[in-house]
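Values in this document were obtained by computation on a predicted structure and should not be read as measured data.
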There are 2 protein chains.
Amino acid sequence: MKFSKVPEATIRRLSAYVRHLEVLEEKGEVVVSSASLAESCGVNAAQVRKDLAYFGEFGIRGVGYYIKDLSDNIKTILGLNREWHLAIIGIGNLGSSLLFYKDFFKKNYKIVAAFDVDPAGVVGRVSEKIGKPVEILHPEQLQEVARDRRIDIAIIATPASEAQKVADQIAQSSIRGILNFTPTQIQMPKGFAVKNYFFTTILDNVAYLLRWRVK
Amino acid sequence: MKFSKVPEATIRRLSAYVRHLEVLEEKGEVVVSSASLAESCGVNAAQVRKDLAYFGEFGIRGVGYYIKDLSDNIKTILGLNREWHLAIIGIGNLGSSLLFYKDFFKKNYKIVAAFDVDPAGVVGRVSEKIGKPVEILHPEQLQEVARDRRIDIAIIATPASEAQKVADQIAQSSIRGILNFTPTQIQMPKGFAVKNYFFTTILDNVAYLLRWRVK
DNA sequence: CAAGAATAGAGAAAAGTTTCACATTTACCG
DNA sequence: CGGTAAATGTGAAACTTTTCTCTATTCTTG
Ligand SMILES: NC(=O)c1ccc[n+]([C@@H]2O[C@H](COP(=O)([O-])OP(=O)(O)OC[C@H]3O[C@@H](n4cnc5c(N)ncnc54)[C@H](O)[C@@H]3O)[C@@H](O)[C@H]2O)c1
Ligand SMILES: NC(=O)c1ccc[n+]([C@@H]2O[C@H](COP(=O)([O-])OP(=O)(O)OC[C@H]3O[C@@H](n4cnc5c(N)ncnc54)[C@H](O)[C@@H]3O)[C@@H](O)[C@H]2O)c1
């Protein structure tokens with residue numbers, strides 16, 4: 001186990017590994033080899049071993065990895081052995097879909113607050129979906145609520161034009177992580193963990209790959 | 001202009017550049033330097049120039065890049081100078097949010113079909129949102145409709161357990177591009193352009209970055 | 001029209017990431 | 001109980017991507 005900088009791609013792959021390990025665990029499997037795990041996740045077997053080697057030795061030579069054990073270890077590495085509190089900001093089309101995303105609750109994420117500038121406009125639409133009212137807060141309350149409910153990560157799902165304003169409000173709060181869905185590069189002070197999740201970028205990527213093949 | 005393999009990261013960045021160029025164009029700006037474009041997109045200036053160098057020479061030394069011209073060139077490179085036909089498969093929570101995603105229509109993407117195994121269940125919810133009925137097709141019709149409407153890219157938004165089944169149906173159709181939202185690594189024959197858009201992977205990434213900083 | 005400032009392009013260097021190859025360990029079988 | 005097959009961990013090699021630095025070009029100003 002070395003203490004070199006861990007590539008971001010390694011973190012992404014660990015996330016994929018752990019998801020696949022859960023599938024294997026449900027099937028009742030006990031041991032998996034780097035080769036088999038690699039194939040399922042679409043990577044090279046040496047890559048799997050190297051990724052894990054950044055953090056320790058988790059396998060048994062000649063045998064493979066005990067699934068439950070490896071899964072627990074990766075979860076600890078990724079910080080998934082605790083509950084993370086999420087807030088969703090902008091409860092429109094996309095935001096309300098996230099609000100009802102069931103898989104959150106299987107993972108260690110919990111939505112503890114929803115914000116929108118137009119609470120009245122949102123409530124009807126959202127409440128009828130789950131049959132009970134959902135509390136929609138005004139962004140002005142962000143700082144106070146972030147502290148009280150210990151929000152760790154804010155998900156920005158407002159129109160792109162509002163993204164920087166929302167980011168500035170987050171910068172003033174106790175929140176330190178952002179997942180940004182708007183197609184805008186937001187500017188934050190040092191010390192924040194910000195990841196963008198640009199939908200059209202990936203779509204553009206698919207289009208690029210097809211560009212010569214399709215009429 | 002060399003003919004070496006273009007890094008995927010370059011394609012992603014080109015997508016970001018073109019989006020920012022559009023913003024600048026709207027503001028009425030005419031010329032931009034690699035340094036300024038780089039800063040807005042959060043990358044190094046040499047990186048911008050190198051990314052473009054894979055495809056040609058688009059700037060003027062001592063001046064910079066003409067915004068309209070560069071924007072058009074990048075769109076041609078990415079294959080965005082034509083209309084791409086999309087289908088959404090699985091019109092649940094997420095799928096219906098995509099169906100009403102307004103920015104598609106500013107870009108060169110057009111949704112030409114929506115599929116769900118439970119058309120009846122979906123129609124009410126979706127129709128009331130836009131005030132008129134939306135045609136929901138059964139996946140059995142995929143092959144036929146894909147040909148007739150020239151679907152280029154399928155967006156998979158079904159439950160994860162259904163993803164491979166849907167992928168197999170796509171493999172039998174004329175569609176060659178896939179954007180997969182389900183947290184599943186789908187297996188496809190050679191020759192398909194497949195990109196995954198794993199939401200929790202990115203969330204896990206934010207959590208990882210925060211892991212030591214937050215209690 | 002000459003000098004100076006600004007900026008793209010490109011080769012080289014640096015940094016980062018993936019893959020290879022093999023020594024080592026473990027389990028199993030005859 | 002020894003030999004064989006399977007599989008990890010790891011250093012080195014190969015490859016990829018990013019950054020640096022310098023040259024060439026263009027515009028502006030006096
Ligand atoms: N709809 C999709 O499927 C989809 C997919 C990918 C990315 N996106 C991006 O996600 C963002 C939201 O898309 P949408 O379709 O949900 O838009 P939307 O217009 O349906 O929803 C935006 C919501 O944000 C609220 N809002 C506006 N300003 C706000 C502020 N300052 N603070 C808090 N809330 C505010 C609005 O009241 C509205 O409810 C956009 O940037 C879009 O580009 C959407
Ligand atoms: N909801 C979100 O915000 C969100 C975010 C990221 C990823 N995802 C992923 O997107 C997928 C969809 O999530 P959701 O929340 O919309 O689920 P959902 O249950 O609301 O919707 C799934 C839809 O797919 C339809 N369906 C089922 N089998 C099908 C098949 N074989 N062919 C066509 N349609 C079929 C169902 O009838 C339903 O309408 C899931 O895999 C989820 O993990 C969702």
Side-chain angles (χ1 to χ4, degrees), chain A residues 1-17 20-21 24 29-71 73-74 77 201 205 208, chain B residues 1-17 20-21 24 29-74 77 201 205 208-209:
Chain A
M1 179 174 177
K2 297 160 294 185
F3 277 97
S4 47
K5 198 184 136 287
V6 178
E8 183 140 308
T10 289
I11 300 304
R12 276 203 300 277
R13 287 188 297 262
L14 287 177
S15 196
Y17 302 158
H20 190 69
L21 290 172
L24 293 177
E29 314 237 345
V30 176
V31 180
V32 70
S33 69
S34 59
S36 145
L37 184 56
E39 203 199 337
S40 310
C41 298
V43 301
N44 179 294
Q47 183 80 82
V48 169
R49 300 198 294 271
K50 188 118 290 184
D51 284 340
L52 296 171
Y54 282 108
F55 301 97
E57 301 192 6
F58 306 108
I60 296 159
R61 293 183 183 196
V63 181
Y65 301 88
Y66 284 102
I67 290 172
K68 179 73 175 68
D69 182 50
L70 183 60
S71 170
N73 273 304
I74 297 180
I77 292 165
T201 297
N205 213 314
Y208 172 77
Chain B
M1 180 173 176
K2 296 158 295 184
F3 277 97
S4 45
K5 198 185 136 285
V6 178
E8 182 138 309
T10 289
I11 300 305
R12 276 202 302 275
R13 285 188 298 263
L14 287 177
S15 195
Y17 303 157
H20 189 68
L21 291 171
L24 294 177
E29 313 236 345
V30 176
V31 180
V32 69
S33 69
S34 59
S36 147
L37 184 56
E39 203 199 338
S40 310
C41 298
V43 302
N44 178 294
Q47 183 81 81
V48 170
R49 300 197 295 271
K50 188 116 296 184
D51 284 340
L52 296 172
Y54 282 108
F55 301 98
E57 300 191 7
F58 306 108
I60 297 160
R61 293 181 184 198
V63 181
Y65 300 89
Y66 285 103
I67 289 172
K68 178 74 174 69
D69 182 49
L70 183 59
S71 171
D72 286 348
N73 272 306
I74 297 181
I77 292 165
T201 298
N205 213 314
Y208 172 78
L209 294 170

OP1 or OP2 of dT18(C) sitting under 4.0 Å from any side-chain N/O of R13(A)? yes
Sorted by position of nearest nucleotide on DNA chain C, 5' first, the leading residue of A9(A) and G59(B) is G59(B)
Ignoring backbone atoms, test whether S34(A) places a side-chain nitrogen or oxygen under 4.0 Å from the OP1 or OP2 oxygen of dT8(D). yes
From the candidates dT19(C), dT18(D), dT17(C), the one with an atom nearest any side-chain atom of P7(A) is dT17(C)
Is the number of heavy atoms from other residues, nucleotides or ligands under 6.0 Å of F58(A) CZ greater than 12? yes
In Å and rounded to the nearest 0.5 Å, what is the OG1 to CD distance from T10(B) to Q47(B)? 6.0 Å
Closest non-hydrogen atoms of Y208(A) and I77(B), given as atom of the first, atom of the second and distance, are CD1-O, 3.5 Å
Kindly indicate, with the supporting measurements, whether the criterion side chain to side chain contact (heavy atoms under 4.5 Å, CB included) is fulfilled by L70(B) and Y17(B). CA-CA 9 Å; L70(B) 183 59; Y17(B) 303 157; over 6 Å; no
Rounded to whole Å, the NZ-P distance (K50(A) to dC15(D)) equals 16 Å
Measuring from the side chain of E57(B) (C-beta onward, heavy atoms only), which nucleotide among dT18(D), dG9(C), dT8(D) has the closest atom? dG9(C)
At under 4.0 Å between heavy atoms, which parts of nucleotides 23-30 of chain D does protein reach? Answer with one letter per nucleotide, 5' to 3': B base, S sugar-phosphate only, - none. -BBBS---
So which atom in E8(A) and which in N205(B) form the shortest heavy-atom distance, rounded to 0.1 Å? CG-ND2, 4.0 Å
Residue whose nearest DNA chain C nucleotide is more 5′ - T10(A) or G64(B): G64(B)
Which whole-number value in Å describes the distance from N44(B) CG to dA8(C) C1'? 14 Å
Which pairs pass side-chain hydrogen bond (donor to acceptor under 3.5 Å, both in side chains) with one or both residues in residues 30-39 of chain B, sequence neighbours excluded? S34(B)-R49(B)
In whole angstrom, give the distance that lies between atom CD of E8(B) and atom C1' of dT18(C). 15 Å
Atom CG of L37(B) to atom P of dG9(C): distance rounded to whole Å? 12 Å
Over how many whole Å does the gap from D51(A) atom CG to dT19(C) atom P extend? 10 Å
Using atom CZ of R49(A) as one end and atom C1' of dA21(C) as the other, report the distance to the nearest whole Å. 10 Å
How long is the line joining CG of N73(B) and P of dG9(C), in whole Å? 11 Å
Between atom CG of D51(B) and atom CZ of R12(B), what is the distance when rounded to the nearest 0.5 Å? 11.0 Å
Separation of dA8(C) C1' from Y54(B) OH (nearest whole Å): 17 Å
